[in-house]
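To start, the structure under review is shown below, and the notes come after it.
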Amino acid sequence: MIRITNTLSGKKEELRTLEPNRVKMYVCGPTVYNLIHVGNARPAVVFDSFRRYLEYRGYSVTYTQNFTDIDDKIINASNEEGISSKALSDRYIAEYFKDACALGVRPATFHPRTTDFVQEIIEFVKDLEKKGFAYERNGDVYFDVSEFKNYGELSHRNPEDMRAGARIEVNEAKDDPLDFTLWKAAKPNEPSWDSPWGKGRPGWHIECSAMSSSLLGDSFDIHAGGNDLIFPHHENEKAQSEARTAKKWVSYWMHNGMISVKKEKMSKSVGNIFNVRQALKIYGANALRMYLLSKHYRSPIEFSSERMEEAKASFKRIVNALEEINKKIGDFSCKEDAFSHEWRDRMIEALDDDFNTPQAFSTLFEMVKLAHSSDDKEKLYQMKTLIMEWNYFFGFNFEESSSSSSKAEPFIEELIKLRNEARLRKDYKQADKIRDALKSLNVEIRDSAQGTTWRWI
RNA sequence: GGCGACGUAGCCAAGGGGUCAAAGGCGAGGGUCUGCAAAAUCCUUAUUCGUGGGUUCAAAUCCCACCGUCGCCUCCA
């Protein structure tokens, strides 16, 4: 039985889906005005991986991840470049898919973008207005928090405390500082749409409510995102959605922890971001996945080159084990027996428990160790099969690390031949000279009893 | 100020009343291999879980206090 920590209750709960064997899931995606950074990659990788795990466990998953393509920052950035906000967001959606794909993140079932759902958003706001949860002021429409009695339930806050907090921006037009914008009246040089309240555009929170209800229905199973979205974003989404339908909107709320750099949250506004593009180039996708999954998804995690090198090194241990197994068993194959069942049960036990990936890796590495010390072909074959099977949710690319072909290869082979000739006549000075030369070309030499092999570093 | 999370070996990180003298990874030290290396692999590396009390036959795990770190309360994954 899968258990998930639900932010709403603050506890681990058993997963009980609305429909049998089916999970409807919505993950908050990026605002597309520049390249995504490692912090944005965390929910993308973690929840993609969790989605695959749910599939592995027999669920059919409808996975939705949105793009926010209408927002102040997009408008500002596009005005600066002198292009339309559509052109700008199109560009960064394409860039997002490049990074996500390189990271091994599978495309979602649906990738809605706000501008394709403006009509639905308008209908949504009209509904709220009709039901007395919204009011209009000079072309802006606000949600009336005082009308929704469970406000604060998700973020475990008391509206009274927040009003007393007095850090909330004062906006004369609002009846209550906690009220939030559903629809914004158009300003000059901004994209806008016709609406019953005049020309304008959607507020931020409303898009997720409107798109999820259009694509997944009035209620669905899992809503996920970074824990910085709990308040106000998710609290507001929940309020407006439940105000509209009077039904429970989401069963399970999952929130990932933040990535920090030198103990400070990685974010665009702090300016300490590290692009996924750069990280992929320096460390590779496998190391990045290993890094992101090596700590429990709810905990904060520190980003540094030390952490990344560590992830890279530990990933290599898995690759080495696979190579070792292949060497030992060749194309031997057999049926699985109790051995597989036992290890599979351990893996499932770890991941069923709120997707405990560190525990899962612990199990995997125990098996890796066993693979090195075993000569039992039947067991080795089963280990290999399990590693491949589990890779369905770990999502590593074991092909990536195999050497890339190059025009230099015959040249390298020739040098190795020369070096081995030198070694045979015990001219080690010459042999070491060739080895150093190859090393400076990023070629690593491996001598063994079976001969010399090499690889790119 | 309010709400929440966290503090486990040199570092990262699971565990969350007894099976824990605490999983796994990185690093380090030693061995195997090698002409020497590199790579790989094997072994070793926490009587102890921020501090002080308490509950219990039994606590890293529960309770209280304190110290420290972080997040949210404004855009943010």
Side-chain angles (χ1 to χ4, degrees), chain A residues 7 10 27-31 36-47 65 68 71-73 152 155-158 160-169 178 204 224-233 235 255-260 263-270 273 290-291 294-296 298-302 304 306-318 320-321 323-324 327 346 350 353 356-369 371-373 422-424 426-429 431-432 435-436 438-439 444-449 452-455 457:
Chain A
T7 304
V27 181
C28 279
T31 300
I36 61 163
H37 62 258
V38 176
N40 301 305
R42 189 174 194 189
V45 167
V46 163
F47 294 120
Q65 187 187 43
T68 298
D71 161 278
D72 286 346
K73 285 184 213 120
S155 53
H156 308 287
R157 280 157 215 253
N158 181 342
E160 293 311 316
D161 293 345
M162 288 189 277
R163 290 190 185 100
R167 282 208 202 164
I168 297 151
E169 107 198 43
L178 292 181
W204 176 38
N227 69 13
D228 55 348
L229 297 179
I230 296 171
F231 190 89
H233 189 51
E235 189 74 55
H255 293 283
N256 64 273
M258 295 294 104
I259 292 182
S260 59
K263 298 221 158 184
E264 192 175 21
K265 177 180 166 184
M266 182 186 286
S267 80
K268 289 165 190 165
S269 46
V270 178
I273 59 170
M290 187 81 211
Y291 160 73
S294 65
K295 194 167 174 182
H296 186 83
R298 294 183 70 84
S299 306
I301 183 170
E302 179 83 12
S304 67
E306 288 77 20
R307 291 286 81 75
M308 289 306 302
E309 292 299 342
E310 203 177 293
K312 201 172 169 181
S314 56
F315 172 73
K316 196 153 177 245
R317 196 164 153 76
I318 303 172
N320 289 336
E323 280 178 8
E324 184 69 16
K327 213 189 284 173
R346 289 184 59 186
D353 182 17
N356 191 337
T357 49
Q359 186 68 58
F361 280 128
S362 174
T363 300
L364 176 61
F365 282 113
E366 261 186 72
M367 209 180 78
V368 158
K369 186 181 190 139
H372 281 298
S373 57
R423 288 172 75 209
L424 274 176
K426 297 199 193 301
D427 183 0
Y428 296 123
K429 224 174 205 174
D432 289 352
R435 183 167 67 196
D436 290 345
L438 283 167
K439 190 159 188 198
E444 179 182 280
I445 295 293
R446 294 176 171 186
D447 292 328
S448 76
T452 303
T453 56
W454 65 275
R455 65 189 283 161
I457 300 170

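Predicted model, so just to flag it, every value in this text is computed and none were measured. When reading the values below, keep in mind they use all heavy atoms of this one structure, side chains included, and skip hydrogens, waters and symmetry mates. Chain naming here is simple, since letters A, B, ... match the order of the sequence lines and numbering starts at 1 in each.
Within 4.0 Å of A:Met266, counting heavy atoms only, lies at least one base atom of the nucleic acid. A:Gly225 comes within 4.0 angstrom of sugar-phosphate atoms only, judged by non-hydrogen atoms across all strands, and of no base. Among the atoms of the strands shown, none is found under 4.0 Å from any heavy atom of A:Ile230. Residue contacts for A:Ile259: at a heavy-atom cut-off of 4.0 Å it reaches a base atom on one of the strands shown. Heavy atoms of A:Gly257 sit under 4.0 angstrom from at least one base atom. A:Asn40 comes within contact range of at least one nucleobase, with a heavy-atom separation under 4.0 Å. A:Asp71 comes within 4.0 angstrom of nothing in the nucleic acid, heavy atoms only. Nucleic acid contact class of A:Lys316 (heavy atoms, under 4.0 Å, all strands): sugar-phosphate only.
Taking A:His255 as the reference, A:His234 meet the ring pair (Phe, Tyr, Trp, His ring centres under 6.0 Å) condition, with sequence neighbours excluded. Applying the salt bridge (charged side-chain N to carboxylate O under 4.0 Å, His left out) test to A:Asp353 and every residue at least two apart in sequence or in another chain returns A:Arg3, A:Lys12. Shown here are the salt bridge (charged side-chain N to carboxylate O under 4.0 Å, His left out) partners of A:Arg157, two or more places apart in sequence or in another chain: there are none. For A:Asp228, the salt bridge (charged side-chain N to carboxylate O under 4.0 Å, His left out) criterion is met by A:Lys265, not counting sequence neighbours.
The distance between atom NE2 of A:His372 and atom P of B:rC33, rounded to the nearest whole Å, is 19 Å. As rounded to whole Å, 13 Å separates atom P of B:rG7 from atom NE2 of A:His296. For A:Glu306 and B:rC26, the CD to C1' distance is 11 Å, given to the nearest whole Å. To the nearest angstrom, C1' of B:rC3 lies 12 Å from CD of A:Glu235. The distance from atom CD of A:Glu323 to atom C1' of B:rU41 is 13 Å, rounded to the nearest whole Å. Here B:rA77 presents its P atom at 10 Å from CD1 of A:Ile36, a figure rounded to the nearest Å. Taking atom CE of A:Met258 as the reference point, atom P of B:rG4 lies 18 Å away to the nearest angstrom. Nucleotide B:rC73 holds its P atom 13 Å from the NE2 atom of A:His233, rounded to whole Å.
Comparing B:rC3 with B:rU47, their C1' atoms are spaced 39 Å from each other, to the whole Å.
The pair A:Glu310-A:Arg307 counts as a salt bridge, with a side-chain nitrogen and a carboxylate oxygen less than 4.0 angstrom apart. Residues A:Asp436 and A:Lys439 are not paired through a salt bridge, judged by the lack of any N-O separation under 4.0 Å between the basic side chain and the carboxylate.
Taking all atoms of both residues into account, the shortest heavy-atom contact from A:Asn356 to A:His296 is CA-ND1, 4.0 Å.
Each of A:Pro43 and A:Lys263 was matched to the nucleotide of RNA chain B holding its nearest heavy atom; the match closer to the 5' end belongs to A:Lys263. The residue among A:Arg446 and A:Arg157 whose nearest nucleotide of RNA chain B lies closer to the 5′ end is A:Arg446.
At a cut-off of 3.5 angstrom, counting only N and O atoms as typed in the model, there is no donor on one side facing an acceptor on the other between the side-chain of A:Asp427 and the base of B:rG35. Put simply, the side chain of A:Asp447 and the base of B:rA37 share a donor and an acceptor less than 3.5 Å apart. Residue-to-nucleotide contacts include a donor-acceptor pair under 3.5 Å from the side chain of A:Arg435 to the base of B:rA37.
Closest to the A:Lys265 side chain, of the nucleotides B:rA38, B:rG71, B:rA14, is B:rG71. Picking from B:rA14, B:rG2, B:rC72 the nucleotide with the shortest atom distance to the side chain of A:Lys295 gives B:rA14.
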(message) Expected output check: what is the dot-bracket annotation of RNA chain B, where ( ) and [ ] are pairs inside the strand (brackets for crossing ones), | is paired with another strand, and pairs are Watson-Crick or G-U under 3.5 Å?
(response) (((((((..(((.....[.....)))((((((.......))))))....(((((..]....))))))))))))....
Distances for protein N or O near nucleotides 18-25 of chain B N or O, under 3.5 Å:
from	atom 1	to	atom 2	distance (Å)
B:rA23	O2'	A:Ser362	OG	3.2
B:rA23	O2'	A:Glu366	OE2	3.3
B:rA23	N3	A:Ser362	OG	2.8
B:rG24	O4'	A:Ser362	OG	2.9
B:rG25	OP1	A:Arg317	NE	3.4
B:rG25	O2'	A:Ser314	OG	3.3
B:rG25	N2	A:Glu310	OE2	3.1

